[in-house]
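Counting starts at 1 for both ligands and their atoms, following the listed order.
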Amino acid sequence: MSTKLTKMLLAEVIVDVKSHETDRTFQYFIPEELQKRVVIGMRVLVPFGPRRVEGYVVSLTNNPETPLEKVKPILRVLDELPPLTPELIELSDWLCERYICTRAQAVQALLPGGMRFKSTLVIEASDVTPAILDAREKEVLSFLKNKGPQVKSQLLKDHPSWRGAIAKLLQKGAITERFMERTGVKEKQVAYVVLQMDRESLLQKLDHLQANAFKQKEVALWLLHQGGTVRLRDLLAATKAARSTIEALRQKGILDIEQREERRDPYHGRYIGEKEGKLPLTAAQERAYSAILSMLQTRQAHTVLLQGVTGSGKTEIYLQTIEACVQMGRQAIVLVPEIALTPQMVERFKKRFGEDVAVLHSRLSPGERYDEWRRIRQGEVSIAVGARSAVFAPFEKLGLLIIDEEHELSYKQEENPKYHAREVAYFRALYHGATVVLGSATPSMEVRYAAAKGRVTRILLPERVNRKPLPPVEIVDMRLELKQGNRSIFSRRLHEAIAEKLAHREQMILFLNRRGYSTFILCRACGYVARCPSCDVSLTYHYLNSIPILRCHYCGHSEEVAGRCPECGSQHIRNFGTGTQKVEEELLRLFPEARVIRMDVDTTATKGSHERLLRTFGAREADILLGTQMIAKGLDFPGVTLVGIITADTSLNVPDFRAAERTFQLLTQVAGRVGRHDAAGEVILQTYHPEHYAIQCAVTQDYERFFQKEIEIRHSLDHPPFWEMTVFTAAHESQKEAYRLARETERWMRRRFSEDPEVIVHETTAAPLARLHGKYRFHQVIKYKSYKKVKAELLAAYFHARAKAKKIDGVLSVDVNAQMVL
Ligand SMILES: Nc1ncnc2c1ncn2[C@@H]1O[C@H](COP(=O)(O)OP(=O)(O)OP(=O)(O)O)[C@@H](O)[C@H]1O
Ligand SMILES: [Zn+2]
Ligand SMILES: [Zn+2]
């Protein structure tokens with residue numbers, strides 16, 4: 001009997017070229033010498049048109065699509081170990097199907113950034129100087145001669161008028177173009193000095209050296225003393241030897257210099273401290289732990305909602321279930337919102353699991369991220385902790401996928417592929433028979449509803465571990481403040497409380513609930529905000545042909561802007577929005593002695609500033625921490641005894657059907673920042689809508705009541721989770737063209753689904769961010785019960801409208817299962 005291994009001659013390759021026209025696999029020939037190394041999942045370098053691009057091998061075959069002699073060969077293999085596992089290749093197919101993106105985009109989402117091979121087209125002047133050149137051509141040529149080689153696309157962007165001249169110069173041979181290539185990050189190589197002989201032979205050899213070669217002797221003996229292998233850099237520093245000394249020793253065969261790979265360790269030199277043991281679990285924790293463990297043992301896909309108030313010990317449950325998972329020989333992924341992925345958070349995992357943890361987040365350098373990723377791919381660690389994209393960690397025996405703060409919107413990626421980490425986790429759990437744990441104090445409507453329907457197992461942790469009650473929350477009605485003559489941002493109650501805390505040298509957090517734009521209209525006398533009668537989201541303020549108008553950007557409803565409040569007749573009705581900077585000025589005016597730290601996108605733009613500001617506050621070098629959403633999460637400062645919420649309802653009025661949910665979540669989280677320790681804390685909440693259920697439920701921290709109320713509203717208004725939503729966005733310099741483009745998708749979908757009760761095709765409408773980067777933006781919203789049913793038509797509508805967009809230099813994009821519509 002003979003087992004004959006059939007040799008595969010061809011590889012099906014996804015090429016790294018950004019366009020839907022190349023969105024398929026291409027065949028390449030596998031040269032004899034690469035036979036062993038070209039395997040499924042491998043990254044390869046292939047010719048594509050005039051250039052060489054990176055590609056990913058997704059299958060092997062012997063059936064050529066075109067005559068074999070026309071098939072081009074694979075040029076090079078780019079990795080040792082194929083970066084894509086068979087599971088990840090399947091996952092990339094699924095990403096394309098689910099989120100409408102190209103296969104190259106899907107694959108790249110799975111790999112750490114920075115590893116990509118890039119090639120750019122460069123042009124430069126040649127030796128040929130043609131006899132006849134016009135003025136423009138002369139200008140371009142002398143520019144290139146002066147400046148040297150230029151990236152062609154950049155040059156055309158900077159000088160659009162040069163396009164014709166460049167083409168002619170290329171024809172005439174006066175300039176040439178070539179591809180400049182840059183490989184992505186690589187393993188870090190470090191030079192080592194290695195002794196080439198044993199002690200005896202070395203001592204003998206040194207005896208025969210010239211008497212004046214002391215330095216060489218000293219270096220050789222030092223190296224011997226160090227065990228024979230040392231980093232070149234360390235040797236030079238310790239012995240103060242010159243390069244020439246090392247070179248002389250090398251020529252004598254005493255030592256050699258080798259390049260060795262070294263891992264970049266982002267946590268190098270950071271003191272992690274003693275390894276920490278596990279805490280004895282409370283009864284509630286124990287129940288949660290056993291439930292998750294028994295699911296793990298079934299080796300079938302399960303999902304758990306771990307719903308526990310802030311400080312209820314969810315993280316301890318994560319740690320202990322991970323430990324059990326690793327003991328089973330399986331691996332675990334923990335996702336944390338980027339903003340909550342602080343050094344303290346990472347330390348909790350490092351302290352428990354030491355070297356067995358890889359950390360992935362955007363603040364790492366590309367090299368560090370690449371090395372952490374390889375530690376996972378090569379099976380050196382069992383646990384990955386990271387932000388959204390860590391859900392793709394290339395483990396092969398996954399047991400647990402944990403998503404902390406499951407309700408956070410940042411788990412949905414805003415660029416292609418527009419995936420939701422929760423859905424990716426479900427895919428991977430199904431593949432591996434793994435358990436997904438979704439943790440939150442304020443679960444998303446989607447997940448809490450899935451639990452109500454029995455698709456997800458809900459486990460409750462109703463109390464804080466230390467049994468401390470949640471802090472009392474006091475409401476201040478800002479409409480009354482205005483009525484009684486106080487026009488300040490601060491109510492009299494909050495003003496008093498701040499003064500008192502300052503006097504007692506206690507710390508406080510002031511929270512400004514704000515998003516980057518203010519397009520709604522609020523009556524400061526009665527709190528009235530214009531809302532859409534059919535969607536119950538606030539109407540956004542637009543200028544349409546220079547007439548102010550209010551519009552619903554889900555369904556297209558529009559109405560006039562009133563000069564007086566339609567409810568109470570007051571004239572205090574206007575655009576609303578207060579920035580952190582304005583609040584800071586006001587604070588310093590009222591309390592000149594206060595030490596204020598402001599945290600917002602402006603003050604945290606530079607690397608490390610976020611951490612530094614928090615450290616300063618933690619060291620009690622400031623009295624007031626003033627900030628936006630950024631300070632709502634995960635902070636734990638024992639010195640804080642007051643949380644002031646300056647505008648509880650700003651987020652209530654963003655034109656989004658999730659506004660109430662977001663508001664409730666934010667307020668609950670902010671309130672959870674006090675009273676975690678010995679000092680009692682209080683929360684003061686200012687609002688124009690004291691009667692709103694999101695505010696009322698946040699005050700009593702009653703998640704269940706909020707859920708019941710909100711889910712009814714979602715149901716009656718046909719919002720998610722009862723329907724899924726996909727949004728087309730069209731953008732163009734001309735308002736009319738942008739509108740027309742979006743209308744294309746509307747028409748397409750209407751033609752197919754106008755009779756279908758399970759599909760709602762909304763009217764095209766201006767986006768809340770109606771103009772961005774000089775382009776007008778229009779939305780078109782589709783709602784449906786089953787993605788399967790609409791998938792093919794969504795794709796067709798997208799291709800149809802995108803083809804039109806291309807012709808008129810417009811942009812058309814699609815967001816499947818959109819979470820935010822801006
Ligand atoms: N079984 C336990 N025994 C003693 N202390 C515990 C136990 N479990 C957790 N803790 C401590 O209680 C505090 C809160 O726990 P943990 O951070 O795990 O809660 P959490 O639910 O993740 O909180 P948050 O929602 O605020 O992130 C921590 O200081 C933790 O060390
Ligand atoms: Zn009013
Ligand atoms: Zn509407």
Minimum non-hydrogen distance to atom 7 (C) of ligand 1, winning option of V336, V309, L279: L279
Evaluate side chain to side chain contact (heavy atoms under 4.5 Å, CB included) for I333 paired with I403, printing each intermediate quantity in order. CA-CA 8 Å; I333 295 175; I403 306 185; over 6 Å; no
Looking at CD1 of I645 and CG of L512, how far apart are the two atoms once the value is rounded to the nearest 0.5 Å? 11.0 Å
State whether the shortest distance between N or O atoms of P280 and N or O atoms of ligand 1 falls below 3.5 angstrom. yes
Counting C-beta onward and ignoring hydrogens, is there a side-chain heavy-atom pair between F657 and L717 closer than 4.5 Å? no
Ranking A283, G308, G311, A284 by closest non-hydrogen atom to atom 14 (C) of ligand 1, top hit is G311
Regarding ligand 1, does S312 bring an N or O atom to under 3.5 Å of one of the ligand's N or O atoms? yes
How does A441 reach ligand 1, by side chain, by backbone, by both or by neither, if only non-hydrogen atoms under 4.0 Å count? neither
Under the side chain to side chain contact (heavy atoms under 4.5 Å, CB included) rule, what do L614 and L625 come out as? Steps first, then yes or no, please. CA-CA 9 Å; L614 290 180; L625 178 63; 4.3 Å; yes
With nothing but distance in play, are any N or O atoms of L281 less than 3.5 Å from an N or O of ligand 1? no
Which is it for R348 and ligand 1 at heavy atoms under 4.0 Å: side chain, backbone, both or neither? side chain
Logged contact type for T315 with ligand 1, heavy-atom cut-off 4.0 Å, is both
Check the pair Y411 / R422 against side chain to side chain contact (heavy atoms under 4.5 Å, CB included), numbers first and verdict last. CA-CA 7 Å; Y411 285 121; R422 193 200 303 134; over 6 Å; no
Can you confirm whether the side chains of E408 and Q665 place a donor and an acceptor under 3.5 Å from each other? no
Would you indicate whether the side-chain heavy atoms of Y318 and L306 approach each other to under 4.5 Å? yes
Within the stated cut-off of 2.8 Å, is an N/O/S atom of H557 closer than that to the Zn ion (ligand 3)? no
Could you tell me which residues satisfy salt bridge (Lys or Arg N to Asp or Glu O under 4.0 Å) with R612, sequence neighbours excluded, listed by chain and number? none
Before signing off on this row, confirm whether T310 and ligand 1 have an N or O atom pair separated by under 3.5 Å. no
At under 4.0 Å between heavy atoms, what of R464 touches ligand 1? The answer is neither
